[in-house]
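One structure, pasted below without further comment.
Heavy-atom basis, side chains included; hydrogens, waters and symmetry copies ignored.
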Amino acid sequence: MSLIAGILWVLATTAVAMLPVERHFVPGRILLFLAPVLLIWMGIEMGWLAIAFGLFAVASMYRRPIKYYWAKWRQPKEGSQ
């Protein structure tokens, strides 16, 4: 079942990629934040190799948003010292 969900996730991500740029944000974020849940589910059902291939796929398709969120997370907070 998790494999079918993974295939549907890939197809949904591909469909979002075909949208105009200004319409990417909401569905793209939803799919990006659903990816860890899907990877954990696939790992439980199919083992660590499924997680490895899944991480590669997510990192490949979402490399720019991941870089953006990583930089945003690493940025020091205002007023905290």
Heavy-atom side-chain proximity of Val10 to Met61 below 4.5 angstrom: yes

Any residue meeting side chain to side chain contact (heavy atoms under 4.5 Å, CB included) with Val37, in chain and number order, not counting sequence neighbours: none

Please give me the minimum heavy-atom distance between Ser2 and Leu38, naming the atom from each residue. O-CD1, 4.0 Å

Linked hydrophobic residues, Ile4 as query - side chain contacts closer than 4.5 Å: Leu8

Leu3 CG to Met46 CE distance, which is reported to the nearest 0.5 Å: 4.5 Å

Side chains of Leu32 and Ile66: closer than 4.5 Å at any heavy-atom pair? yes

Residues in side chain to side chain contact (heavy atoms under 4.5 Å, CB included) contact with Leu34, at least two apart in sequence or another chain: Ile30

Under 4.5 Å between any side-chain heavy atoms of Tyr68 and Arg64, yes or no? no

Residues that Met18 engages under side chain to side chain contact (heavy atoms under 4.5 Å, CB included), provided they are two or more places apart: Thr14

Can you give me the closest heavy-atom contact between Met1 and Glu45, atom names plus distance? N-OE1, 3.7 Å

Looking at residues at least two apart in the chain, or sitting in another chain, which of them share a side chain to side chain contact (heavy atoms under 4.5 Å, CB included) with Leu31? Trp9, Ala12, Thr13, Val16, Tyr62

Suppose the criterion is ring pair (Phe, Tyr, Trp, His ring centres under 6.0 Å): which pairs have a residue in residues 12-44, not counting sequence neighbours? Phe33-Tyr69

Spell out, as yes or no, whether a donor-acceptor pair under 3.5 Å connects the side chain of Arg74 to the backbone of Ala71. no

With a cut-off of 3.5 Å and sequence neighbours excluded, list every side-chain donor-acceptor pair involving residues 47-55.
none

